[in-house]
Structure formats: C-alpha cells, structure tokens
Amino acid sequence: MTEQRRDIHNSEMPALCQACEARHHGMCGALNPGELTHLNKVANRREVKPGTALVADSEPVTHYSNILSGVVKLTKILADGRQQIVGLQFAPDFLGRPFKTSSDTNAESATTVRLCTFPRSAVDRMIEESPNLEHRLLEQTLKELDEARGWMVTLGRKTAAEKVASFLYLIATNIDPASDGGTDISFDLPLTRADIADFLGLTIETVSRQMTKLRKDGVIQIENNRHVSVPDMERLAHRASI
C-alpha cells in the first residue's frame, strides 16, 4: 500500500499549490500554509521550450526555481568551447545554489520545462526563518552529492552497455515524479544521441549500437527513434548493474 502523504490541509494553501508535485517532495514540502501563501505572492510559473538557457555559468544568482516537469541539463564549458554535461535535474528538483552569489554551471532545458520561479531575496529570508526549509535544501544537496558519486562509478567503471542501460534507468526512474515506479514505463528521450554520448563519455555510434542491442534483447522498446518503453524495470536495472 502506498504510504499516505503527510500533508498540510489543501484548503489552507494557495490554489496553484494544491496540485503541485513539488509541494510534496520538493522545497515547498517543508513550508507551512502561511509560508506557501507568502511565497506564492512572489512566484512566477512559466513554461520554456527545449534549448532555453535558464542559468549561465558565473552569472549572479537572482532567482531560484522549482522544476515542475521536464528535464534540465547542467553543463560546464571548457576554455576551448567544448561542453561537458555534468548532471540532469528533474521535477521536483530545486534549480539554484543557495548561499552562493553566482552559479558555477550552465542550466538549459533539455525538454519542455515548467518552472515555478521565486526571487532569491524572498527564499533567502525564508531559509533564515525556517529551519525546516534549510534542512530540506540540505537534504537535496546531499542527495545530489550521492548521485554524483554514483555517476562517477558509472563513468569510471561500467562498460559501454552498462552505461547506456544506467542512463535509461536514470531517466525512467526520474522523468515522471507522479510515477509509482511500476512496470511498462515509457518516455521520450530528453537528450539527443550526441548529448547522451557526451554525458556517458562514449561515441554516438556506441550509444546507438548499445540501444539497438537492448531493443533486440527485449529490454526496451523504441518507437520513432525517441520514444522508449521499459516493460520490465528489473531487467533494465540488471543490465545497468544496479
């Protein structure tokens, strides 16, 4: 049985917040109805197209955002212009770096992304006043650190086949925050083959070859070169050595 959510009363919160998944699992889950109402007054919801720059490296931080849906890719640009994808963010992740005056990565929408954006000054005041919010943001930071360490193992030790399977498992388990993690999960690939290759440290040809093998083995199904279905998550996890 799904564990019942410990939630604040819907009748006491702003209407926009009532159906928001980030309210349960993201930073807003640490706020009481009064704090949510205050934050809602300065919040701005928007939808951006794929390829939209959201944050630039070394740019002063003026706003934070909750990701409501979609995928955001984080990148670093080397001095000679080469790009390295260093991470992906999904709903209901928090986009921004509290306690820093500038960003140290670029953030770009990999898919259509819905955001709920707040002025930095408003959130920083709430962090000072709400230990629960500060604790929630610390939890997310530590979660991202654990994920980064896990991805170091993927990049450093796994075979090409395991890397591609690990990437697909990452997307399948994170792209829909409302998913119960059951069987027959499907999604559109949020990255191009070139970006997947960049993320995994492989060539485009190797990525395509490994995805074809997964498809032929029945681990995944692919339609229109982008839409992926996973009939059995355990088989995919096994191929990813998870």
Side-chain angles (χ1 to χ4, degrees), residues 25 50-51 67 69-78 80-93 105-113 140-242:
H25 301 295
I67 301 173
S69 66
V71 181
V72 172
K73 67 177 181 180
L74 306 178
T75 64
K76 293 287 288 186
I77 306 297
L78 302 182
D80 61 4
R82 286 176 294 166
Q83 171 189 274
Q84 175 64 52
I85 299 176
V86 296
L88 298 176
Q89 288 191 299
F90 308 85
D93 286 345
T105 58
N106 301 287
E108 178 184 315
S109 56
T111 66
T112 298
V113 172
Q140 175 166 322
T141 300
L142 294 175
K143 172 177 171 286
E144 291 178 356
L145 176 60
D146 289 341
E147 290 171 349
R149 287 171 172 168
W151 202 249
M152 288 175 63
V153 174
T154 296
L155 297 180
R157 291 298 179 186
K158 289 188 178 182
T159 65
E162 291 169 333
K163 286 181 180 180
V164 173
S166 295
F167 169 77
L168 294 173
Y169 188 85
L170 172 70
I171 303 303
T173 52
N174 287 280
I175 200 164
D176 182 4
S179 172
D180 60 4
T183 59
D184 200 20
I185 293 174
S186 63
F187 54 89
D188 287 335
L189 287 172
L191 302 182
T192 65
R193 293 289 198 278
D195 275 349
I196 296 172
D198 173 49
F199 190 37
L200 299 178
L202 302 172
T203 65
I204 299 174
E205 293 77 15
T206 299
V207 169
S208 296
R209 186 164 56 249
Q210 295 302 330
M211 291 189 68
T212 297
K213 182 171 176 53
L214 289 169
R215 178 182 59 79
K216 288 182 176 179
D217 291 346
V219 179
I220 62 173
Q221 299 167 1
I222 304 177
E223 299 177 14
N224 301 323
N225 208 38
R226 282 199 63 215
H227 189 75
V228 176
S229 297
V230 184
D232 188 336
M233 285 293 292
E234 289 188 5
R235 286 191 67 195
L236 181 59
H238 176 73
R239 297 292 281 266
S241 294
I242 294 175

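Every value quoted in this text rests on a predicted model; they were computed, and no experiment measured them. What's counted below: heavy atoms across the whole structure, side chains too, no hydrogens, waters or symmetry copies.
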**T111 side-chain N/O to V71 backbone N/O, donor-acceptor pair under 3.5 Å** =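 Such a contact is found between T111 side chain and V71 backbone.
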**Item:** From Y169 atom OH to I220 atom CD1, the distance as rounded to the nearest 0.5 Å
**Value:**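 Spacing of OH (Y169) from CD1 (I220) equals 15.0 Å.
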**Request:** Please collect all ring-ring contact (aromatic ring centres under 6.0 Å, His included) contacts where either partner lies in residues 199-236, sequence neighbours excluded, each pair once.
**Result:** W151-F199
For [X] and [Y], work out which heavy atoms get closest and say how close.
{"X": "L191", "Y": "F167", "result": "CD1-CE1, 3.8 Å"}
{"X": "L74", "Y": "A107", "result": "CD2-CB, 3.8 Å"}
{"X": "K158", "Y": "S166", "result": "NZ-OG, 3.0 Å"}
{"X": "Q84", "Y": "D198", "result": "NE2-O, 3.2 Å"}

**Prompt:** What residues form a side-chain contact (heavy atoms from CB on, under 4.5 Å) with S69, not counting sequence neighbours?
**Reply:**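 Per chain and number, S69 pairs via side-chain contact (heavy atoms from CB on, under 4.5 Å) with R114.
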For [X], check salt bridge (Lys or Arg N to Asp or Glu O under 4.0 Å) against everything at least two apart and list the hits.
{"X": "E147", "value": "K143"}
{"X": "D80", "value": "R82"}
{"X": "D195", "value": "K73"}
{"X": "R239", "value": "D217"}

**Prompt:** Should R157 and E162 count as side-chain neighbours, where that means a heavy-atom distance under 4.5 Å?
**Reply:**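 They are not in side-chain contact.
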**Prompt:** Do the side chains of R193 and N225 get nearer than 4.5 Å, heavy atoms only?
**Reply:** yes
**Message:** Exactly one of N106, V86, I85 should register a side-chain contact (heavy atoms from CB on, under 4.5 Å) with K76. Which one does?
**Reply:**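 Testing each of N106, V86, I85 against K76, the sole residue satisfying side-chain contact (heavy atoms from CB on, under 4.5 Å) is V86.
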